[in-house]
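Being a predicted model, the structure only gives us computed values, none of them experimental.
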Amino acid sequence: MICLGKYFRNFVLENKQMTDSELKLLLEKQELLLKKLLELSQRQFAESDAVALDELLKQKDSYFDELQKLDPLREKWHKKYNRPLGQEEQILDDNIQDLLEKLLLSEQDFEKIVGREKNAVSLQIAQISNQMQYRKDTTRQRPQIKNMTT
């Protein structure tokens with residue numbers, strides 16, 4: 001799934017003691033997860049199949065879960081090593097911030113589209129309901145034709 005996955009799990013997640021150099025690994029992992037999330041977020045715009053969209057959303061959830069596991073590790077690292085970020089770490093941190101902003105915009109845009117589609121479906125349902133009501137009313141009140149004699 002993620003190329004850093006096995007190493008990351010073995011040495012960072014399971015290791016009780018963190019080293020100073022593991023921040024770069026945490027940042028790389030976070031950057032990679034955010035790239036995957038952004039890719040999935042963009043793919044959801046093009047997905048028209050409900051089953052495929054549901055699978056895509058499940059994948060996004062699993063990446064979000066992995067991302068949430070990184071936050072306490074970063075906090076733990078910052079508490080232990082209270083130092084400014086190095087040049088490479090700063091670049092990674094800037095990339096992460098950029099990816100977060102892009103992801104937020106993508107998700108907000110998708111939310112708008114889903115909202116519009118929901119409104120369109122609601123309008124269609126209302127129109128169908130009105131048509132059904134009209135048909136019910138007109139079947140009861142059919143015009144009566146008078147027999148005219150000449």
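- Leu105 and Leu103 are members of different hydrophobic clusters when ILVMFWY side chains are connected at heavy-atom separations under 4.5 Å.
- No side-chain heavy atom of Lys29 sits less than 4.5 Å from a side-chain heavy atom of Leu32.
- For Gln90, the CD atom counts as densely surrounded, since its 6.0 Å shell holds more than 12 non-hydrogen atoms of other residues, nucleotides or ligands.
- Linking Ile, Leu, Val, Met, Phe, Trp and Tyr residues whenever their side-chain heavy atoms come within less than 4.5 Å places Phe64 and Leu33 in a single cluster.
- With rounding to the nearest 0.5 Å, the separation of NZ in Lys69 from CD in Glu66 is 6.5 Å.
- Interatomic distance, Ile113 CD1 to Gln108 CD, rounded to the nearest 0.5 Å: 12.5 Å.
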(request) Using the side-chain contact (heavy atoms from CB on, under 4.5 Å) rule, take Gln30 and Leu34 through it: C-alpha gap first, then chi angles, then the decisive distance, then the call. (result) CA-CA 6 Å; Gln30 190 173 17; Leu34 287 169; 4.1 Å; yes

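- Electrostatic pairing of Asp54 and Lys58 counts as a salt bridge here, judged by a charged N lying under 4.0 Å from a carboxylate O.
- A salt bridge does not link Arg43 with Glu47: none of the charged nitrogens is closer than 4.0 Å to a carboxylate oxygen.
- When the side chain to side chain contact (heavy atoms under 4.5 Å, CB included) test is applied to Asp109, the partners found at least two apart in sequence or on another chain are Phe45, Lys112.
- Heavy atoms only, all atoms of each residue included: Leu38 and Leu99 are closest at CD2-CD2, 4.0 Å.
- Within the model, atoms NE2 of His78 and NZ of Lys80 stand 14.0 Å from one another, a figure rounded to the nearest 0.5 Å.
- Of the options Leu73, Leu92, Asp71, a side-chain contact (heavy atoms from CB on, under 4.5 Å) to Leu26 is made by Leu73 and by none of the others.
- Taking CG of Asn82 as the reference point, atom CH2 of Trp77 lies at 8.5 Å (rounded to 0.5 Å).
- Checked against side chain to side chain contact (heavy atoms under 4.5 Å, CB included), Glu111 has no partners two or more places apart in sequence or in another chain.
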(request) In sequence, state the C-alpha distance, the side-chain angles, and the governing distance for Glu89 and Arg83, and then conclude on salt bridge (Lys or Arg N to Asp or Glu O under 4.0 Å). (result) CA-CA 12 Å; Glu89 295 165 342; Arg83 66 164 174 82; 2.9 Å; yes

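- Note on Val114 and Leu57: same hydrophobic cluster, where clusters join Ile, Leu, Val, Met, Phe, Trp and Tyr whose side-chain heavy atoms are under 4.5 Å apart, directly or indirectly.
- Here the straight-line distance linking atom OG of Ser62 with atom NZ of Lys36 works out to 11.0 Å at 0.5 Å rounding.
- The salt bridge (charged side-chain N to carboxylate O under 4.0 Å, His left out) pairs that include a residue from residues 90-108 are Lys60-Glu107, Arg74-Asp93, Asp98-Lys102, where partners are two or more places apart or lie in different chains.
- Using a 4.5 Å heavy-atom threshold, the side chains of Gln44 and Leu40 count as separate.
- Judged purely by atom type and a 3.5 angstrom limit, Ser41 has no side-chain atom pairing as donor or acceptor with the backbone of Leu37.
- Separating the CD atom in Glu31 from the NZ atom in Lys24 is a distance of 10.5 Å, to the nearest 0.5 Å.
- Residues Asn95 and Leu27 are not in side-chain contact: their nearest non-hydrogen atoms beyond the backbone lie 4.5 Å or more apart.
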